[in-house]
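Not measured: the values here are computed from a predicted model.
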Amino acid sequence: MNIPFSPPFIDQAVIDEVLDTLQANWITSGPKVKALESELLTLTGTQAAVCVNSWTSGAIMMLNWFGIGAGDEVIVPAYTYCATALSVLHCGATPVMVDILDDFTIDPEMVRKKINIRTKAIIAVDIAGLPCHYEELKALVREPEIKVQFVSKTARQAGLGRILLIADAAHSIGAMYNDKPAAQQCDVTIFSFHAVKNITTAEGGCICLNLPEPFDNQEEYAFLKLFSMNGQNKDAFAKSKGANWRYDILFKGFKMNMPDICAAIGLAQIRQYVNTLLPLRKIISLKYGDAFKAYDWFIEPVMKTENREASYHLFPLRIKGITEAQRDQVIDELVLRGINVNVHFIPMPMLTYFKSLGYSISDFPNSYKQYAAEISLPIYPQLSDEEISYITNAVIESVHLVKGVEKLVKVLS
């Protein structure tokens with residue numbers, strides 16, 4: 001059997017939506033993007049949704065929007081994909097890394113310890129689709145003793161009057177917090193629609209706004225649409241309508257817009273997401289949990305708590321009491337059985353570039369502990385019951401094989 005890790009969900013509805021775009025002879029930003037933004041507003045209940053060409057683009061745009069630059073700091077978890085910190089570096093600011101909790105989410109108390117007069121934003125990451133502890137983070141940035149440290153350098157910073165709270169929701173579209181879409185929890189929530197995500201546009205992302213007064217989210221939406229198109233006051237679709245060629249550049253923008261040909265894929269998927277695709281992911285997650293719960297080496301991933309429910313983007317299996325090398329051996333055994341798995345994530349301080357900047361994994365012991373024991377199993381709607389059973393049996397056999405070798409080595413030594 002050969003089981004891929006995370007193939008995109010491409011059904012006839014997706015094909016039809018893409019063909020409709022091609023046959024309309026308009027493939028860059030236009031009506032499909034607007035339709036996808038409308039669907040995202042319905043799904044998330046947020047105030048505005050701006051589709052862009054990647055999560056990274058969305059983060060860079062919003063950090064620039066807030067006026068973050070040289071001399072500023074943005075707090076991020078050490079346990080995340082590199083884009084979280086790279087977006088900060090691309091703005092000239094410094095990523096300040098902190099450790100995580102056992103559920104993979106950023107540790108609010110570690111965040112507290114790193115806040116100072118240079119702190120302009122916090123990017124909290126919803127690993128595996130599980131929302132962070134947003135009530136604690138929101139309370140933290142609003143504490144009088146924290147707010148008094150905030151030094152504004154721009155009009156938008158002065159308008160907010162505190163640290164900007166951004167959700168890196170690359171994994172968590174459809175996640176819930178206090179029975180409402182988790183996307184409503186932060187000032188800014190940014191999704192990824194990369195090919196392996198729950199909803200994909202091949203490449204893409206979306207910025208969702210929940211900015212408090214005095215901000216007008218619709219005005220900021222209009223600004224960000226221009227910001228993603230080089231600061232140009234007319235997009236190509238508007239210019240294509242009759243004698244409408246004249247345009248102006250209003251400010252220094254970026255080229256980060258999403259094209260219609262990509263939006264078409266996501267548009268077809270999002271219409272099936274809440275009632276079909278997301279529930280299928282949850283079912284697979286529950287089947288994995290049921291298969292492994294009898295084994296004392298199984299650390300059950302947190303997918304649902306009293307106030308949080310994940311989007312089931314990943315099933316982050318963790319194996320109690322194994323080393324990083326043994327985890328790698330389990331992965332090798334699964335690959336031999338035709339099962340493609342992954343690890344989410346290699347903590348950033350373990351990567352060459354971040355080590356060169358002075359970050360050290362020894363400063364983030366829990367990030368390393370979770371990483372060393374983690375294997376992300378396939379979880380997507382197309383998985384059959386037969387494949388799920390094959391995966392669970394292979395995991396059990398592979399873990400027991402590696403642990404059996406470990407016991408034998410101890411006896412012989």
Side-chain angles (χ1 to χ4, degrees), residues 29 32-66 74 83-84 87 121-127 129-132 134-135 137-138 141 156 159-160 163-194 197-201 203-213 215-228 254 256-258 262-263 266-267 269-271 273-274 278 308-311 313:
S29 298
K32 297 289 187 186
V33 170
K34 288 290 292 183
L36 181 57
E37 290 174 346
S38 178
E39 292 284 352
L40 285 160
L41 291 177
T42 300
L43 177 66
T44 64
T46 53
Q47 298 300 308
V50 182
C51 283
V52 289
N53 60 12
S54 72
W55 181 94
T56 308
S57 294
I60 292 171
M61 277 179 56
M62 292 313 298
L63 293 172
N64 274 274
W65 169 89
F66 200 52
V74 177
T84 310
S87 63
I122 298 165
I123 304 179
V125 183
D126 299 341
I127 298 290
L130 179 70
C132 294
Y134 287 119
E135 288 180 344
L137 292 170
K138 288 190 295 184
V141 299
R156 289 193 177 101
L160 189 64
I163 295 167
L164 181 70
L165 187 56
I166 299 174
D168 177 343
H171 290 182
S172 59
I173 190 164
M176 302 296 286
Y177 198 102
N178 287 335
D179 297 322
K180 294 181 179 180
Q184 298 177 18
Q185 289 298 311
C186 289
D187 302 311
V188 178
T189 294
I190 309 174
F191 295 120
S192 170
F193 300 141
H194 177 265
K197 298 302 191 290
N198 288 23
I199 291 173
T200 183
T201 57
E203 294 284 357
C206 183
I207 303 163
C208 289
L209 303 179
N210 289 295
L211 297 164
E213 292 183 349
F215 293 98
D216 182 322
N217 285 281
Q218 296 310 309
E219 286 184 6
E220 299 304 337
Y221 167 82
F223 173 84
L224 290 168
K225 292 296 284 187
L226 300 184
F227 202 26
S228 71
F254 295 101
M256 295 175 168
N257 58 299
M258 177 187 287
C262 292
L267 189 57
Q269 291 187 356
I270 199 170
R271 289 168 177 162
Y273 187 58
V274 172
L278 183 56
R308 298 179 295 161
E309 184 169 8
S311 66
H313 174 59

**OP:** Could you check Asp126 against His171 for side-chain hydrogen bond (donor to acceptor under 3.5 Å, both in side chains), going step by step and ending with a plain yes or no?
**Re:** CA-CA 6 Å; Asp126 299 341; His171 290 182; over 6 Å; no
Smallest separation among heavy atoms of [X] and [Y], with atom names:
| X | Y | answer |
| --- | --- | --- |
| Asn210 | Gln184 | ND2-CA, 3.5 Å |
| Asp187 | Leu165 | OD2-N, 2.9 Å |
| Thr200 | Gln269 | N-OE1, 2.8 Å |
| Val188 | Leu209 | CG2-CD2, 4.3 Å |
| Leu278 | Ser311 | CD1-O, 3.1 Å |
| Phe191 | Ala169 | CD2-O, 3.2 Å |

Original post:
What residues, two or more places apart in sequence or in another chain, satisfy side-chain hydrogen bond (donor to acceptor under 3.5 Å, both in side chains) together with Glu203?
Top reply: none
Per-pair distances, 0.1 Å, donor-acceptor, side chain in residues 175-183, under 3.5 Å, sequence neighbours excluded:
| residue | atom | partner | partner atom | Å |
| --- | --- | --- | --- | --- |
| Tyr177 | OH | Tyr134 | N | 3.2 |
| Tyr177 | OH | Glu135 | N | 2.9 |
| Asn178 | ND2 | Glu135 | OE2 | 2.6 |

Roughly how far apart are [X] [atom1] and [Y] [atom2], rounded to 0.5 Å?
| X | Y | atom1 | atom2 | answer |
| --- | --- | --- | --- | --- |
| Lys197 | Ser172 | NZ | OG | 10.5 Å |
| Leu211 | Glu219 | CG | CD | 11.5 Å |
| Ser192 | His313 | OG | NE2 | 8.0 Å |

Side chain to side chain, [X] and [Y], heavy atoms closer than 4.5 Å:
| X | Y | result |
| --- | --- | --- |
| Arg308 | Gln185 | no |
| Leu164 | Met62 | no |
| Val50 | Phe227 | no |
| Val74 | Ile122 | no |
| Ile173 | Leu40 | yes |
| Thr189 | Thr46 | no |
| Arg156 | Leu160 | no |
| Leu36 | Thr201 | yes |

Subject >> Polar side-chain atom of Ser87 near backbone of Ala83 as donor-acceptor pair, under 3.5 Å >> reply: yes
**OP:** Only counting residues at least two apart or in another chain, list the ones meeting salt bridge (charged side-chain N to carboxylate O under 4.0 Å, His left out) with Arg271.
**Re:** Glu17, Glu39
